[in-house]
There are 2 protein chains.
Amino acid sequence: MIKPEVFDNELQELANFAKVISHPARLAILKYLAETKTCISGDISDKLPLSRTTVSQHLKELRDSGLIHGEIDGLKINYCLCGSSIEEKLAKFDDFFSKIACQEITCK
Amino acid sequence: MIKPEVFDNELQELANFAKVISHPARLAILKYLAETKTCISGDISDKLPLSRTTVSQHLKELRDSGLIHGEIDGLKINYCLCGSSIEEKLAKFDDFFSKIACQEITCK
DNA sequence: GTTTTATGTCGCAAACATACGACATAGTTT
DNA sequence: AAACTATGTCGTATGTTTGCGACATAAAAC
């Protein structure tokens with residue numbers, strides 16, 4: 001029961017991005033992909049304390065949001081960070097928070 | 001059914017922050033508090049397409065996470081952004097993503 | 001061509017989030 | 001002190017997320 005349509009697009013998009021990265025498993029996947037530097041296949045599951053099925057679903061969410069993408073290579077799938085998409089989302093994030101954080105309005 | 005304890009603390013904290021800001025209503029509240037610049041009371045409800053109860057709950061989440069705080073002033077409550085806390089969380093956010101975004105590892 | 005391997009999808013259960021009306025509390029006004 | 005006002009909390013309905021085993025698919029190895 002959510003009322004999404006009533007908020008403006010900027011907020012909507014930012015909230016969606018935040019939701020994607022609001023689970024430690026998904027952050028862990030991003031971190032892992034960044035660290036291995038090379039696009040590695042889905043043996044990510046072995047590195048996380050979650051079942052393969054669950055990891056596969058987290059990968060799907062990251063894929064759907066465009067933060068990563070996977071390329072089929074025979075039996076395996078090489079996943080990698082999608083740099084441009086991450087940059088784009090971070091830029092929007094920074095834009096929003098630069099409006100908010102820089103003013104000294106702390107009550108106390 | 002969540003398995004949070006198994007991920008390291010950095011990821012955990014960051015995920016929690018992301019979760020707090022992953023709803024457009026909460027972003028709208030932060031934006032509103034930033035725009036009015038002065039700490040205003042809970043007539044925030046009037047500005048959002050949500051019931052007073054619902055807004056009150058979103059305020060509670062923001063309060064609990066430390067992003068805002070409220071000060072009682074007679075019958076009203078003056079809410080305001082908690083600048084230091086926001087800065088702190090943004091710093092952790094940036095720290096994480098600087099490790100991730102700056103490398104050119106896009107597959108395609 | 002059967003077995004093995006890497007992966008995705010389905011269906012379910014438990015947990016969590018969202019939204020809101022009804023009620024509670026506590027300060028203000030009369 | 002009775003009525004009014006601003007706010008929070010409770011209970012509840014409905015929707016969404018998380019996690020996983022079981023099954024499906026399709027390439028690779030034998």
Side-chain angles (χ1 to χ4, degrees), chain A residues 1-7 11-12 15-30 32-33 36 39-65 67-80 107, chain B residues 1-7 11-12 15-30 32-33 36 39-65 67-80 107:
Chain A
M1 200 204 296
I2 199 162
K3 279 186 163 185
E5 66 292 342
V6 293
F7 295 100
L11 299 185
Q12 202 60 57
N16 284 337
F17 170 57
K19 185 165 271 169
V20 174
I21 61 168
S22 74
H23 195 291
R26 290 192 286 271
L27 292 173
I29 290 171
L30 293 178
Y32 182 61
L33 287 177
T36 61
C39 307
I40 60 95
S41 85
D43 50 14
I44 301 169
S45 330
D46 299 342
K47 313 290 172 175
L48 296 185
L50 293 172
S51 81
R52 200 189 49 76
T53 307
T54 303
V55 170
S56 183
Q57 279 171 175
H58 285 305
L59 284 169
K60 177 169 162 51
E61 279 189 75
L62 291 167
R63 236 187 296 123
D64 288 351
S65 78
L67 293 181
I68 68 175
H69 73 56
E71 205 169 328
I72 297 172
D73 170 22
L75 248 191
K76 302 202 169 192
I77 296 192
N78 293 322
Y79 278 106
C80 63
C107 268
Chain B
M1 201 205 296
I2 199 166
K3 279 187 162 185
E5 65 292 339
V6 293
F7 294 101
L11 300 185
Q12 202 60 56
N16 284 338
F17 170 56
K19 186 166 269 168
V20 174
I21 61 167
S22 74
H23 194 291
R26 292 194 283 274
L27 292 173
I29 290 170
L30 293 178
Y32 181 62
L33 287 177
T36 61
C39 307
I40 61 93
S41 85
D43 49 16
I44 299 168
S45 329
D46 300 341
K47 313 289 170 174
L48 295 186
L50 294 172
S51 82
R52 199 189 51 72
T53 307
T54 303
V55 171
S56 184
Q57 279 173 172
H58 285 306
L59 283 168
K60 178 169 160 49
E61 279 190 78
L62 291 166
R63 238 189 294 123
D64 289 351
S65 78
L67 293 180
I68 68 175
H69 71 58
E71 205 169 329
I72 297 171
D73 171 24
L75 248 190
K76 303 202 168 191
I77 297 192
N78 293 321
Y79 277 107
C80 64
C107 270

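In this structure, OH of B:Tyr79 is placed 8 Å from C1' of D:dG8, rounded to the nearest angstrom. Rounding to whole angstrom units, CG of residue B:Leu59 and C1' of C:dC20 are separated by 15 Å. Rounded to whole angstrom, the span from the CG atom of B:Asn78 across to the C1' atom of D:dG8 amounts to 16 Å. Rounded to whole Å, the distance from CG on B:Asp46 to C1' on D:dT5 is 13 Å. Here the C1' atom of nucleotide C:dA17 and the NZ atom of B:Lys60 are 14 Å apart, to the nearest Å. Whole-Å rounding puts the B:Glu61 CD to C:dC16 P distance at 13 Å. Atom-to-atom, CZ of B:Arg63 to C1' of D:dG8 comes out at 8 Å; the value is rounded to the nearest Å. B:His23 places its NE2 atom 14 Å from the C1' atom of D:dT17, with the value rounded to the nearest Å.
Put simply, B:His58 has no side-chain N or O that comes within less than 4.0 Å of OP1 or OP2 on C:dA17.
Distance check: B:Ser22 OG to B:Asn16 CG gives 10.5 Å after rounding to the nearest 0.5 Å. With rounding to the nearest 0.5 angstrom, the CG atom of B:Asn78 is 5.0 Å from the CG atom of B:Asp73. Distance OG/B:Ser45 to CG/B:Leu59: 7.0 Å, rounded to 0.5 Å.
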Restricting to nitrogen or oxygen on both sides, can you table the protein-nucleotides 20-23 of chain D pairs closer than 3.5 Å?
from: D:dC20; atom 1: OP1; to: B:Lys3; atom 2: NZ; distance (Å): 2.9
from: D:dC20; atom 1: OP2; to: A:Ser51; atom 2: N; distance (Å): 3.0
from: D:dC20; atom 1: OP2; to: A:Thr54; atom 2: OG1; distance (Å): 3.1
from: D:dC20; atom 1: N4; to: A:Gln57; atom 2: OE1; distance (Å): 2.8
from: D:dG21; atom 1: N7; to: A:Thr53; atom 2: OG1; distance (Å): 3.3

Polar atom pairs between nucleotides 25-30 of chain C and protein, under 3.5 Å, N or O only, would you list them?
none

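Pairs engaging residues 44-54 of chain B under the salt bridge (charged side-chain N to carboxylate O under 4.0 Å, His left out) rule: none recorded [sequence neighbours left out]. Applying the salt bridge (charged side-chain N to carboxylate O under 4.0 Å, His left out) test to pairs two or more places apart or on separate chains, those with a residue in residues 55-64 of chain A are A:Arg26-A:Glu61, A:Lys60-A:Asp64.
Put simply, the residue from A:Leu33, A:Leu62, A:Ile29 that forms a side-chain contact (heavy atoms from CB on, under 4.5 Å) with A:Leu67 is A:Leu62.
Applying the side chain to side chain contact (heavy atoms under 4.5 Å, CB included) test to A:Thr36 and every residue at least two apart in sequence or in another chain returns A:Tyr32, A:Ile40. With sequence neighbours excluded, the residues satisfying side chain to side chain contact (heavy atoms under 4.5 Å, CB included) with B:Ala28 are A:Phe7, A:Leu11, B:Leu48. Partners of A:Ser51 under the side-chain hydrogen bond (donor to acceptor under 3.5 Å, both in side chains) rule, at least two apart in sequence or in another chain, are A:Thr54.
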